[in-house]
Amino acid sequence: MLTNSRNYNLVAYDEIDFIHNYYERLVLEEIFAQSKRAEEGDRDFLADVACVALNRMPPRYIRHDVDMTFFMSPQDIQEIHNKVVNAVKDAINYVESRERGEDPALPSVNVSLSGTRASKPAKSDAKITSDDTTPKKSAKPKSPAKK
């Protein structure tokens, strides 16, 4: 962990590349797949689209891509792919619309993943239901002891 007892001199690093957002590479690859402008080297367009798309994805900071993919199911991997494709498509449309002087709105996006939140068991509710047949103690205050 970065906060252990070692003294890190971050100034000494040319680039802090041992921590990254898992989605950065996926989003950049998808931008190149969807946009001829990015392929042709339009760096400003690439950066604008990447920022818009990445801001629509949940942050997943990791050291190595295998750290994330090792624990994902095939359904999670497909869901991530679909979310990246849609985020990039929406980002390209948004950036191009802004360039034309339009005031577009981005569609809402659900950033949770089925394998990370939906698969966790729900917390049990402490309320007692009518199906509970265990006897309950009365809430009457105790009377003082007689002498």
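Put simply, the side chain of Ser97 gets close to the backbone of Asn93: a donor and an acceptor are under 3.5 Å apart.
Contact record, Phe45 with Ser35: CE2-OG, 3.2 Å, taken as the closest heavy-atom pair. Taking both residues in full, the closest heavy atoms of Glu39 and Phe32 are given as OE2-O, 3.2 Å, listed atom of the first, atom of the second, then distance. Looking at every heavy atom in both residues, Ala91 comes nearest to Val52 through CB-CG1, 3.6 Å. Closest approach of Ala87 to Ala53, counting heavy atoms only: O-CB, 3.8 Å.
At most 12 non-hydrogen atoms from other residues, nucleotides or ligands lie less than 6.0 angstrom from CG of Asp44. In Arg100, the CZ atom is crowded: over 12 heavy atoms of neighbouring residues, nucleotides or ligands sit closer than 6.0 Å.
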*Starting from the C-alpha separation in whole Å, work towards a yes-or-no answer on side chain to side chain contact (heavy atoms under 4.5 Å, CB included) for Gln78 and His81.*
CA-CA 5 Å; Gln78 185 61 49; His81 173 75; 3.8 Å; yes
*Leu28 vs Arg25, side chain to side chain contact (heavy atoms under 4.5 Å, CB included): CA-CA, chis, key distance, verdict*: CA-CA 5 Å; Leu28 290 173; Arg25 182 184 53 80; 5.9 Å; no
*Step by step, would you call Asp48 with Tyr94 a side chain to side chain contact (heavy atoms under 4.5 Å, CB included)?*
CA-CA 10 Å; Asp48 289 343; Tyr94 179 81; over 6 Å; no
*Show your reasoning for whether side chain to side chain contact (heavy atoms under 4.5 Å, CB included) applies to Met57 and Asn21.*
CA-CA 10 Å; Met57 304 297 298; Asn21 183 339; over 6 Å; no
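At a threshold of 4.5 Å between non-hydrogen side-chain atoms, the residues Glu99 and Glu96 count as touching.
The distance from atom CD of Glu30 to atom CD1 of Ile92, rounded to the nearest 0.5 Å, is 8.0 Å.
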